[in-house]
A.B. asks: 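Input: one structure, supplied below.
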Amino acid sequence: LPGGAWLSLNASGSMILSGRLRTILRQVDRDIVVELTEHVAVDDYAALRAAVQALGPRVRLAVDDGGAGFAGLRHVVELRPDVVKLDAAIVRGIDGDPVRQSLVAGMVHYARTTETHLVAEGVETEAEAATLAGLGVALAQGYLYAHPAPLAELLVDGRAA
């Protein structure tokens with residue numbers, strides 16, 4: 001990756017708690033965003049918070065797919081992540097759904113109040129992007145912007161395009 005780029009990786013709570021991730025990250029010389037996957041329940045939030053802190057100062061926590069699976073508001077409240085990634089199911093069709101808009105507006109308020117980065121996942125249409133921007137969501141990802149691709153295809157002269 002280009003210098004200064006953050007590396008994001010998904011990890012379960014059990015992977016973080018096991019200490020294996022800490023061992024792996026000792027070998028990495030860049031800033032990391034650990035995206036807590038939503039597929040497994042968290043039994044001990046205090047232990048998970050301590051394990052994330054033990055990963056070091058160059059590691060930030062993201063709650064991936066916020067609002068889906070086990071990654072509901074409890075993950076956000078208990079873990080106080082640096083990044084909350086709104087699940088695509090909340091984003092999809094937001095331009096025509098006042099309930100989704102209200103939920104996201106509340107999350108924008110939370111993000112501003114707590115200095116948390118809010119990222120909308122699964123943005124596929126200009127209308128969704130415009131609605132999210134109007135609500136104050138500054139960061140988004142999805143097929144509207146790019147499809148998954150090998151890193152080499154995203155680099156121009158060794159730099160991110």
Side-chain angles (χ1 to χ4, degrees), residues 1-92 94 100-123 128-129 131-146 148 151 154 159-160:
L1 291 175
W6 288 68
L7 175 64
S8 292
L9 58 98
N10 288 359
S12 67
S14 59
M15 171 83 166
I16 296 168
L17 287 166
S18 74
R20 293 181 312 207
L21 186 59
R22 185 174 173 195
T23 301
I24 293 167
L25 293 183
R26 276 193 216 133
Q27 303 169 34
V28 178
D29 187 27
R30 71 170 51 249
D31 294 327
I32 303 287
V33 175
V34 174
E35 297 185 16
L36 181 64
T37 58
E38 74 284 2
H39 305 292
V40 179
V42 174
D43 295 323
D44 186 345
Y45 282 102
L48 184 56
R49 276 193 309 271
V52 169
Q53 287 180 334
L55 294 174
R58 296 187 73 179
V59 177
R60 302 288 176 262
L61 179 66
V63 170
D64 192 22
D65 297 329
F70 292 105
L73 293 178
R74 184 156 186 218
H75 272 21
V76 175
V77 170
E78 296 288 346
L79 296 173
R80 315 269 166 114
D82 302 289
V83 179
V84 174
K85 297 180 78 175
L86 294 173
D87 186 65
I90 295 169
V91 170
R92 191 157 298 114
I94 193 168
R100 283 180 167 78
Q101 291 171 24
S102 294
L103 177 63
V104 171
M107 290 302 296
V108 168
H109 175 74
Y110 162 82
R112 286 181 180 153
T113 302
T114 61
E115 298 181 1
T116 300
H117 298 283
L118 192 62
V119 180
E121 294 183 306
V123 179
E128 290 168 347
T131 300
L132 289 160
L135 291 168
V137 179
L139 302 171
Q141 65 185 62
Y143 287 161
L144 177 63
Y145 306 107
L151 181 60
L154 301 174
R159 297 184 323 260

A.B. asks: Roughly how far, to the nearest 0.5 Å, is CG of Asn10 from CE of Met15?
C.D. replies: 11.0 Å
A.B. asks: What's the verdict on side chain to side chain contact (heavy atoms under 4.5 Å, CB included) for Val119 and Val84, showing C-alpha distance, side-chain angles and the deciding distance?
C.D. replies: CA-CA 6 Å; Val119 180; Val84 174; over 6 Å; no
A.B. asks: Using modelled atom types only, decide if a donor and an acceptor are shared between the side chain of Arg100 and the backbone of Ala89 within a distance under 3.5 Å.
C.D. replies: yes
A.B. asks: Is Lys85 salt-bridged to Glu35, going by a charged N under 4.0 Å from an acidic O?
C.D. replies: yes
A.B. asks: Within the structure provided, determine whether His75 and Leu36 are in side-chain contact (heavy-atom separation under 4.5 Å).
C.D. replies: yes
A.B. asks: If you define the side chain from C-beta out and look only at heavy atoms, does anything of Leu118 sit under 4.5 Å from Val83?
C.D. replies: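 No, every pair of side-chain atoms sits at 4.5 Å or beyond.
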A.B. asks: Side-chain contact test, heavy atoms from C-beta onward, threshold under 4.5 Å: evaluate it for Leu7 versus Val33 and give yes or no.
C.D. replies: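 They are not in contact (no side-chain heavy atoms under 4.5 Å apart), so the answer is no.
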A.B. asks: If you round to the nearest 0.5 Å, how far is CD of Glu128 from CG of Leu144?
C.D. replies: 8.0 Å
A.B. asks: Specify the closest pair of heavy atoms between Ala88 and Gly122, including all atoms of both residues, with the distance to one decimal.
C.D. replies: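 Taking Ala88 first and Gly122 second, the nearest heavy atoms are CB-CA, 3.8 Å.
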A.B. asks: Could you list all the salt bridge (charged side-chain N to carboxylate O under 4.0 Å, His left out) pairs where at least one residue sits in residues 44-57, not counting sequence neighbours?
C.D. replies: Arg49-Glu78
A.B. asks: What verdict does the side chain to side chain contact (heavy atoms under 4.5 Å, CB included) test give for Gln101 and Thr131, after you've listed the backbone C-alpha separation in whole Å, the side-chain angles of each residue and the deciding distance to 0.1 Å?
C.D. replies: CA-CA 8 Å; Gln101 291 171 24; Thr131 300; 4.0 Å; yes
A.B. asks: So, the side chain of Arg20 versus the backbone of Leu17: is there a donor-acceptor pair under 3.5 Å, distance only?
C.D. replies: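 Judged by distance alone, no pair lies under 3.5 Å.
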A.B. asks: Sub-3.5 Å donor-acceptor pair from the side chain of Thr116 to the main-chain atoms of Arg112, do we have one?
C.D. replies: no
A.B. asks: Which atom pair, heavy atoms only, marks the closest approach of Thr37 to Ser12?
C.D. replies: OG1-CA, 3.4 Å
A.B. asks: Take atom CZ in Arg58; do more than 12 heavy atoms of anything else shown fall under 6.0 Å from it?
C.D. replies: yes
A.B. asks: Should Val91 and Glu121 count as side-chain neighbours, where that means a heavy-atom distance under 4.5 Å?
C.D. replies: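 No - every pair of side-chain heavy atoms lies 4.5 Å or more apart.
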A.B. asks: Say you draw a straight line from CG of Leu55 to CG of Leu61; how long is it, rounded to the nearest 0.5 Å?
C.D. replies: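 Reported to 0.5 Å precision, the distance equals 9.0 Å.
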A.B. asks: Taking all non-hydrogen atoms of both residues into account, name the closest pair between Thr114 and Tyr110 and its distance.
C.D. replies: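 Shortest heavy-atom contact: OG1-O, 2.7 Å.
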A.B. asks: Do the side chains of Leu86 and Met107 get nearer than 4.5 Å, heavy atoms only?
C.D. replies: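 SC-SC contact between Met107 and Leu86 confirmed.
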A.B. asks: Specify the closest pair of heavy atoms between Ala11 and Leu21, including all atoms of both residues, with the distance to one decimal.
C.D. replies: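 Nearest pair, atom of Ala11 first, then Leu21: CB-CD2, 4.0 Å.
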A.B. asks: What closest approach, in Å, do Ile90 and Ile94 show between heavy atoms, and which atom pair accounts for it?
C.D. replies: O-CB, 4.2 Å
A.B. asks: Is any side-chain heavy atom of Val34 closer than 4.5 Å to one of Arg60?
C.D. replies: no
A.B. asks: Show the nearest heavy-atom pair for residues Leu25 and Val59, with the distance to one decimal.
C.D. replies: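 Minimum heavy-atom contact is CD1-CG2, 4.0 Å.
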A.B. asks: Can you find a heavy atom in the side chain of Trp6 that is under 4.5 Å from one in the side chain of Ile32?
C.D. replies: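 No; the side chains remain at least 4.5 Å from each other.
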